[in-house]
Structures are given as structure tokens and as C-alpha cells.
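Quick note: residue numbers are just sequence positions, from 1. Order of appearance sets the numbers: ligands from 1, and atoms from 1 within every ligand.
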Amino acid sequence: MTKTMAAEPFDYQFDSETTALVLIDFQRDFVEPNGFGEALGNDVSLLRTSIEPATRVLAAARAAGMMVIHTREGHRPDLTDCPPAKLTRGGTTFIGTEGSMGRILVRGEKGHDIIPELYPIDGEPIIDKPGKGAFYATDLELILRERGIRSLIMMGVTTEVCVQTTAREANDRGFEIVVLEDCVASYFPEFQTAALDMIKAQGAIVGWVSSSDAAIAAMS
Ligand code: TIU
């Protein structure tokens, strides 16, 4: 059944059978103190505002029987899937070094895992990705096509990095995307605004922008 979500630049229509909720990188390394985000010099409290609305949307999507997918950014313990250009970015090596929650952005470490508030349940695929975009070097597209998914409702961190990269990758592959503005967050408030503006500009050139309340109203 077609549902309508209040959104910008105009209302978004979707079918919950062919729509997935995608949670991008709600990992301890990004949103909790002492992780990768903080190691890069960021204030992680700016990201934590997205958690509460995201939990409400996640509950609504689960109740509606929608497909839910989680992603995590991270690397193999031997870092063979981490390009040197990423490993050394910023002049100091962070990825793979020991943090308070294990080796930073390394798969299997506590800091790499998803925060308890939004933890996946059985049947919700987790996509481990080496890059910012969730389609690059992963089986996300295959999983979506097998399930007949055509639209993605997106939440996660950070807005202008992994969320925006994934939104653009999805758009180029023919998926429609809607980003929930209070369920995504950035370390930089001005980037949050700019990224959302870029997505919805020019008649939804990348996709739509909506909110947790509008998404929940449309899903129920
Ligand atoms: N640093 C930053 O803003 N983001 C990342 O490194 N990864 C994600 O956005 N997940």
C-alpha cells in the first residue's frame, strides 16, 4: 500500500514492502567518548541528539514489518582492506590503534560495534563496509535487489560523510532515498544544514528530507 510522508522538497510516497530503513554507522567509535570521532578532535555530544528519535523510528519500522539494515564502517584486524591514504589521513594514524574501546574502527572490537540503543535484532542484516559509502565493496545492493527494495529511509552518522555518500551511491543506483533530519547528525552543525540542503535541492536531486515524526506517522 502506498504511504505518504511529509517531506521536502515535496511529499514522499513509498510502499513499506519495498522500503528499507537503513541505519548508517551508529557505532560506539563515532558517538561515544574515546572513539574514532573523538580521536579526530570532534565533540561526540553533537551526534548523540540523533539517538532518541532514531530509536523511535526503528521501533515503528519494526512494528510495521519493514526491512531494517544496519551498517558499520571498519576494517579487518590486519588492515589489508584499509587504503594507506585512509590510514594516514590527517597526519596521524588512528585506525587500528588501541583506544579505550579496543582497536579503533577494527571489526570485532567493542568500539566498532553498534550502540546498545539501536542494536540489530535477528533478521536485520549488518553491512560491514571499508569505506564511507555503504555500497562500495559490500553486498548491500545484492541484498536490497533480492528483497525487491526500491526506497531507503536513512538515519545515522555522520550526515555529510557516510550518510551523504551512501545517499548518493543509492541515488545513482536507482533507489529513492529520504533522510530523516533529526535522526542524522554531524560534528559540524553547518555541514548538517548544508548536506541536507544539497540532498533536497533542485527538486530532490539526491532525495528527500523528512523527520522522525513524519516517518513514524507515515509508517503507522
Ligand atoms: N569522521 C566522520 O565524520 N565520519 C566518518 O569518519 N565516518 C562516518 O561518517 N560514518
If you count the atoms of ligand 1 from 1 in the order shown, which ones are under 4.0 Å from a heavy atom of [X]?
X	result
K132	5 (C), 6 (O), 7 (N)
V157	8 (C), 9 (O), 10 (N)
F36	6 (O)

Could you tell me if [Y] and [X] have a donor-acceptor pair between their side chains, going purely by distance under 3.5 Å?
X	Y	answer
T2	Q13	no
D29	H112	no
D25	T71	yes

In plain terms, say whether [X] and [Y] are close enough for a salt bridge, that is, a side-chain N and a carboxylate O under 4.0 Å apart.
X	Y	value
R48	E117	yes
K110	E32	no
R173	E141	yes

- Task: Describe, in one word, how the ring planes of Y12 and F14 are oriented to each other, choosing from parallel (under 30°), tilted (30 to 60°) and perpendicular (over 60°).
- Result: parallel
So which heavy atom in the protein is nearest [atom], and how far is it from that ligand atom?
atom	answer
atom 1 (N) of ligand 1	L40 CD1, 3.8 Å
atom 5 (C) of ligand 1	F30 CE2, 3.4 Å
atom 7 (N) of ligand 1	E73 OE1, 2.8 Å
atom 8 (C) of ligand 1	C162 SG, 2.6 Å
atom 3 (O) of ligand 1	T158 OG1, 2.8 Å

- Under 4.0 Å between heavy atoms, the region of D25 that gets near ligand 1 turns out to be side chain
- Item | Mode of V163 contact toward ligand 1 - side chain, backbone, both, neither (heavy atoms, under 4.0 Å) | neither
